[in-house]
Structures are given as C-alpha cells and as structure tokens.
There are 2 protein chains.
Amino acid sequence: MNDVAKLAGVSQPTVSRVLNSDSISVHISDETKERVMDAVKTLGYRTNVMARGLRTQRSQLIAIMIADISNGFYHLIVRAVQDVAREHNYEVLISNSDHVYENEKHFCEVVLDRGVDGVIMVPIHLISYDDLDPYLSQTDIPFVVLGQHVDHPEVDKIFVDDEKAIYEATLWLIHKGGHQNIGYVGVPDFQPAGPRRFRGYRRALEESGLPFNPAWCYSEGDFTREGGAKAIKRLHETGTMPEALIVLNDLMAIGAILALQELGYNVPEDVAVIGFDDIPEATIVRPKLTTIAQNPREIGTNLANALFQRIEHPRTTRRNIESSYKLIERDSTRRKT
Amino acid sequence: MNDVAKLAGVSQPTVSRVLNSDSISVHISDETKERVMDAVKTLGYRTNVMARGLRTQRSQLIAIMIADISNGFYHLIVRAVQDVAREHNYEVLISNSDHVYENEKHFCEVVLDRGVDGVIMVPIHLISYDDLDPYLSQTDIPFVVLGQHVDHPEVDKIFVDDEKAIYEATLWLIHKGGHQNIGYVGVPDFQPAGPRRFRGYRRALEESGLPFNPAWCYSEGDFTREGGAKAIKRLHETGTMPEALIVLNDLMAIGAILALQELGYNVPEDVAVIGFDDIPEATIVRPKLTTIAQNPREIGTNLANALFQRIEHPRTTRRNIESSYKLIERDSTRRKT
DNA sequence: TTGTAGGCGTTATCAC
DNA sequence: GTGATAACGCCTACAA
C-alpha cells in the first residue's frame with residue numbers, strides 16, 4: 001500500500017480511503033481516485049486480508065461444521081450457505097465432525113481463534129448449555145445451529161421436529177401400510193438423535209396399541225450404509241425380521257435394503273423400508289426409497305440468513321425457525337397390487 | 001496477551017515464548033512457564049490467529065477447490081486432505097467451482113488475498129500457462145493440482161491418465177465384452193476432460209478397426225445424473241442405441257442406466273454401461289456399475305503431502321505423480337450366462 | 001532466562 | 001480533501 005501511495009504521489013491512508021470509498025463517507029477528488037487506481041493496477045496491489053482483519057476485527061469468513069461430508073443431505077445445506085455467503089462477500093470454512101464430540105469441540109476452538117465472523121453448526125453432541133456456553137460467552141460471534149434440541153439462549157436455531165416426523169411415519173406405516181410388526185434401525189443413545197427418533201417410533205406404536213418388540217430394533221448404527229447392512233445381518237441372525245422397518249436416515253436405509261436383498265428378502269413384499277432425509281441416492285436404489293424428506297436448501301438458506309442477520313445487526317433477537325418435512329412415498333413401502 | 005503478562009508478572013514477549021515454547025529454541029524457567037500457563041487458563045486467553053498471521057506471514061490455512069461438492073469422488077479427496085492437514089495443524093478452506101471458469105478464477109483471487117499457506121486445486125478450466133501464471137507469479141504460495149494437463153512448471157501435479165484409462169476400458173469392452181457398436185457419453189469440448197477422454201475412446205475404436213459412429217455419441221453432458229439421463233433420451237429418440245456405452249463419469253453413467261431402464265432397455269443385456277470414478281453410488285445402482293476406479297484417498301493424500309512438503313521445504317523440486325486407476329468389473333457389463 | 005523496542009499492513013482519529 | 005499518527009495483537013532481534 002505504501003508503494004501504491006508513493007507511485008500515486010499521495011499518502012498511504014489516502015490509498016486506503018480510495019479503496020474503501022464505497023463503504024466510507026469521505027469525499028475524495030476524482031483525480032486522486034484515478035491516480036490511485038492506476039497505481040493499484042500497475043503494481044498489481046491486493047489488499048492483505050489479515051492486516052485488515054487485525055485492524056477491523058472482521059475476517060469476512062464464516063465457518064460451517066457438518067457431521068459428514070459424505071452424506072448428501074449436507075451438500076445442499078453447504079451449497080445454500082455458500083450461495084448466501086457469496087452475496088455477502090464472505091468465504092466459508094467447512095469442517096467435518098464425523099459425529100465425534102471431540103471434533104465438534106475442536107472446531108469451536110479453531111474457529112474462535114481464527115476470528116471468523118459467524119458460525120453455523122450441525123452439532124450432534126455439542127448441544128447442552130454447559131458444553132456450548134464456554135464458546136458462546138467468551139465472544140460475541142453469532143452462532144446459528146441446526147437442531148431443536150440445542151439448549152442455549154444465545155444461538156439461533158433452525159430445526160426439524162424429527163421425533164414427530166418419525167412418529168407420523170410410523171403411524172402412516174401402520175394405517176396406510178397395514179403393518180403390525182414394525183422394527184426400527186437407529187444409532188446408540190450417546191448420539192442424541194438416537195433416543196429422540198426412537199421415541200417417535202415408540203410413541204406411535206403405543207398410541208396404536210401395538211406391541212413393542214426389542215428384538216425388532218437395532219441401535220448400533222453409525223449413520224452409514226455399512227451400519228444399515230449390519231443391522232439387517234443382526235436381525236436376520238436372530239431370526240426375527242419385522243415386516244416393516246423405520247430407519248433413522250437414508251444412508252442406513254439404503255444399506256439395509258441392499259443387505260436385505262442379498263439375504264433373499266424382497267423389499268417391500270417381505271420387508272417395507274422407510275428412511276429419513278431424501279438424499280439423491282434414495283432414487284437410485286431399487287426399489288426407490290420411501291423417506292421423510294427434509295428441505296436442505298431451505299435449511300441452508302435459513303441458517304445463512306439468520307447468521308448474516310446477526311452479523312449485520314448484532315442486536316437482533318434470536319430466531320427459532322422450524323423447517324418442514326414431508327413423507328415421500330416411493331416403492332420401498334408400496335406393495336405391488 | 002498483555003493481561004496475561006501482567007497477571008503472571010512477566011513481560012508480554014515472555015508469554016509469547018511460553019506459548020510457542022515447543023517451536024522455539026530458547027529455554028524458559030519452569031516457574032515462569034507455570035505462572036504464565038496459569039494466567040492463560042484463568043483469563044481464558046486464546047491466541048489471535050490473525051495477528052500472528054500478520055506478523056509471521058503464515059495463516060495455518062490451506063485451501064482446496066473441487067469441482068463439485070455433490071460428487072462423491074471428491075469427498076474422499078477432501079477427507080484425505082483434511083486428515084493430513086490436521087496432522088500438520090492446518091485448517092482447510094473448501095470451495096466449489098461447479099466446473100465454472102469464473103469460479104475457478106475467483107477462488108484463486110480470494111485465496112491469495114486471504115494469505116493461505118498453500119493451495120490444492122482440481123482445476124477444470126484453469127490449466128493453461130497463461131491462465132495460471134498471474135496467480136503463481138505474484139506470490140510464492142505453493143500450488144498443487146490434480147490433472148496432468150495442467151501446464152505450469154511451478155505447480156506440483158498429481159494426475160490420472162484418463163485418456164489411457166478410457167482407451168483401455170474401450171478395448172476391454174471390445175475384446176472381453178465382444179461389443180462392436182460402442183457409444184460414448186461425454187461433456188462439451190469446452191470442458192477439457194471432454195475431448196481428452198473422447199480421444200481415448202476413438203483411439204481404441206480405430207486401433208481395433210471398428211467404425212466410429214457420431215450418432216452413438218453424446219457430448220452435451222454436464223457430469224450429473226440428469227446429464228446422463230438426457231444423453232439416453234437423445235440416443236433413444238434418434239433410434240440408434242449402441243449395445244455398449246462408455247460414460248465419462250459415474251454420476252452420468254448412473255443417470256444413463258436409470259434412464260435406459262425407464263425406457264425399457266435391459267442393462268447389460270441390451271446396453272452395457274461402463275463409468276469412471278467408482279463413487280459409492282456405483283454399488284447402489286442395479287445392475288452394479290462397472291467402472292474405472294480411481295483412488296481418491298491416495299490422490300488426496302498425495303496432494304496434501306506434496307503441498308506440505310512445499311510449505312515446509314519451499315525449495316523442493318516439483319512433483320509429478322501419476323495415480324493409478326483400475327477397471328472394476330461389476331454387473332453393468334456382465335451378461336448373464 | 002527475560003525484558004525492550006520495533007514492525008507486520010491495515011483502518012481510524014485527528015488535525016490541517 | 002488529504003496527511004500525520006496511533007493502534008490492532010503478535011513475534012523476533014537484540015540487549016541485559
């Protein structure tokens with residue numbers, strides 16, 4: 001910047017003013033402006049973002065943490081966030097927790113050190129007040145999260161009522177599908193989504209007066225295709241395969257379908273399967289997967305909008321936006337007539 | 001840091017020394033060390049990465065640009081890069097070009113401004129010397145790219161010989177599969193991968209003395225499932241469906257298979273299909289997709305290792321590493337006996 | 001082993 | 001309108 005100033009025959013602060021002329025109130029003579037811009041061009045000057053950040057305490061950087069980059073559900077969220085960020089002239093730092101608690105904490109620390117201007121998280125474990133407060137109280141960086149269960153007054157929340165979604169899907173399987181023996185494939189209790197979604201399933205059974213059979217349930221999943229396949233193998237070995245299966249997410253549901261077929265079961269004739277998320281693979285697998293669709297584009301846009309609202313107007317009250325879901329009936333539950 | 005110094009009763013630089021004691025040669029008395037660390041803890045001090053970056057000209061940040069976050073092929077690359085980066089205590093900024101030239105250039109600009117310490121790219125268009133040189137010459141930030149066609153002496157290259165891979169796959173289809181009428185689904189010429197891979201296909205036909213029929217080829221693809229489906233619709237409409245199809249990537253190959261089945265074709269009996277990448281979806285689709293597997297984990301690790309080699313030893317000579325590929329025979333080419 | 005002084009490249013607050 | 005001058009938070013000679 002000093003070089004530019006020298007070449008243009010002005011002082012260094014003047015160069016700064018010219019470069020930021022649109023976000024500043026001072027008037028600069030057109031002639032100076034021109035001379036400075038010329039010098040900038042011939043010298044190929046580019047402003048040093050770190051130096052500016054140090055001075056302004058802004059980084060023009062936001063961070064997003066997702067649980068699994070390999071899960072298509074998160075792609076559209078990320079894309080939507082990036083699109084909004086670009087409009088605001090922000091870059092996006094993406095991180096991957098792989099559903100691991102330590103990674104989530106590490107993310108928060110890194111992010112605070114790096115002085116990002118805002119944070120979007122899809123926390124799996126980092127949801128209690130006590131876990132979150134250390135990060136939230138020591139800065140006033142806006143946090144926006146996906147997940148209704150997140151317990152802190154300072155965060156904006158976008159959420160999907162997944163307990164209710166699973167509850168309704170189970171009821172649908174009972175009433176529209178005419179199923180009685182409905183099993184469940186989920187994840188261990190230490191993954192908060194596990195008990196939450198499981199509750200929806202059990203509530204539907206109870207209210208319908210149907211028996212709950214622990215032998216039909218598998219809770220050792222890990223959100224992946226392999227996890228879904230393992231569930232089926234276990235169920236098969238114990239010799240109690242239910243006639244319908246609620247699976248906690250699509251990736252596991254797909255793994256389950258493929259494993260069922262390998263073992264000689266027909267889907268949906270022998271076992272109907274219903275997933276959660278509506279990832280692109282849901283329409284690749286045969287039969288096509290019936291699933292509870294979330295709206296990742298909408299979720300991402302909401303997350304990003306809430307964040308930039310807070311970045312630009314820090315005193316805004318916290319948002320709490322429910323995002324919709326919708327059961328999409330495809331072939332994995334549809335009996336041929 | 002000043003506060004910490006005051007509380008510990010030492011000077012501010014001493015605090016800095018304690019905090020960086022492992023990467024510095026000076027000895028510090030254990031007592032001071034302890035007092036400083038205590039103060040750090042009670043004050044909840046965290047080092048300001050931007051200030052450090054300004055002083056050291058290092059950001060502990062690398063950036064990676066991929067062509068499509070929704071394409072599973074890139075996930076493992078990104079993961080591998082993140083894993084290596086974590087070992088080196090680096091964060092990763094991820095960006096998405098969506099195969100668009102302007103996005104690629106924008107990425108380079110942003111990245112240089114932000115003072116990242118290194119760049120990994122999967123450039124689609126930004127491959128000529130003239131396009132790259134502006135970014136490379138104005139800094140000495142290491143660039144590592146995926147793509148043999150990239151033409152600049154200052155970059156490290158990891159590459160896969162995709163022309164040869166397609167050539168061999170086509171030969172395989174001719175000799176092992178016994179096919180004569182082999183079609184091709186690709187992307188427009190302005191996508192450099194288009195002509196390159198197409199060349200491999202034509203070379204195999206020529207050397208085998210087989211006719212080349214433009215009516216069997218579609219070059220308006222866009223790397224997506226939808227693109228593959230469109231190709232099939234077009235081929236179907238013109239009434240000349242070849243008996244085997246080389247498709248430029250798996251996503252399009254899967255789109256093609258689904259579209260073929262919807263139109264009543266049997267795969268592989270009526271049309272055999274072979275893809276490129278070996279993404280996870282290749283084993284979801286039925287029939288399972290025969291494909292030229294790349295090794296994304298290896299690619300990502302190589303990319304990252306080359307980069308950190310350069311970051312840590314700037315004078316290293318440039319690398320040029322070929323990554324392997326391998327034809328994986330699955331059911332989309334295997335005629336039932 | 002520790003303290004002092006200076007500067008990294010900006011922006012912000014004054015004067016003029 | 002523009003130019004000095006200080007400060008953002010840290011690291012690194014150099015001196016003690």
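All chains are named by letter (A, B, ...) in the order of the sequence lines, taking the proteins before the strands, and each is independently numbered beginning at 1. Basis for what follows: all heavy atoms, side chains included, without hydrogens, waters or symmetry-related copies.
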Inset, instruction - Answer with base, sugar-phosphate or nothing: what part of the nucleic acid does A:Val10 contact at a heavy-atom distance below 4.0 Å? - result: sugar-phosphate
Legend entry - SB check B:Glu109 B:Lys105 (cutoff 4.0 Å): no
Inset, instruction - Treat primed atoms plus P, OP1 and OP2 as sugar-phosphate and everything else as base, then score nucleotides 11-16 of chain C 5' to 3': B for base contact with protein heavy atoms under 4.0 Å, S for sugar-phosphate contact only, - for none. - result: BBB---
Inset, instruction - State whether a side-chain donor-acceptor pair under 3.5 Å links B:Ser323 with B:Asn295. - result: no
Inset, instruction - Please confirm whether B:Tyr90 and B:Phe308 have ring centers closer than 6.0 angstrom. - result: yes
Legend entry - Polar contact flag, side-chain donor to acceptor under 3.5 angstrom, A:Gln191-A:His125: yes
Legend entry - Flag for A:His99-A:Asp68: side-chain donor and acceptor within less than 3.5 Å: no
Inset, instruction - For DNA chain D, note the earliest and the latest nucleotide, 5' to 3', having some atom under 4.0 Å of a heavy atom belonging to chain A. - result: D:dG1 to D:dG9
Inset, instruction - Using a heavy-atom cut-off of under 4.0 Å over every strand shown, decide if A:Ser29 touches base, sugar-phosphate, or nothing. - result: sugar-phosphate
Inset, instruction - Could you check how far CZ of B:Arg58 sits from C1' of C:dC8, rounded to whole Å? - result: 15 Å
Legend entry - B:Gln57 vs B:Glu31, nearer the 5' end of DNA chain C by closest nucleotide: B:Glu31
Inset, instruction - Give A:Arg46 one of three labels, base, sugar-phosphate or nothing, depending on what nucleic acid heavy atoms sit under 4.0 Å from its own. - result: sugar-phosphate
Legend entry - Most 5' of A:Ser11 and B:Val49 on DNA chain D, judged by nearest nucleotide: A:Ser11
Inset, instruction - Looking at every strand, decide which applies to A:Leu54 at a 4.0 Å heavy-atom threshold: base, sugar-phosphate, or nothing. - result: base
Inset, instruction - Take atom CG of A:Leu43 and atom P of C:dG9, then tell me their distance rounded to the nearest Å. - result: 14 Å
Inset, instruction - Establish, from distance only, whether the side-chain atoms of A:Arg114 and B:Asn48 form a donor-acceptor pair under 3.5 Å. - result: no
Inset, instruction - Scan side-chain atoms only and decide if B:Arg297 and B:Asn302 contain a donor-acceptor pair under the 3.5 Å cut-off. - result: no
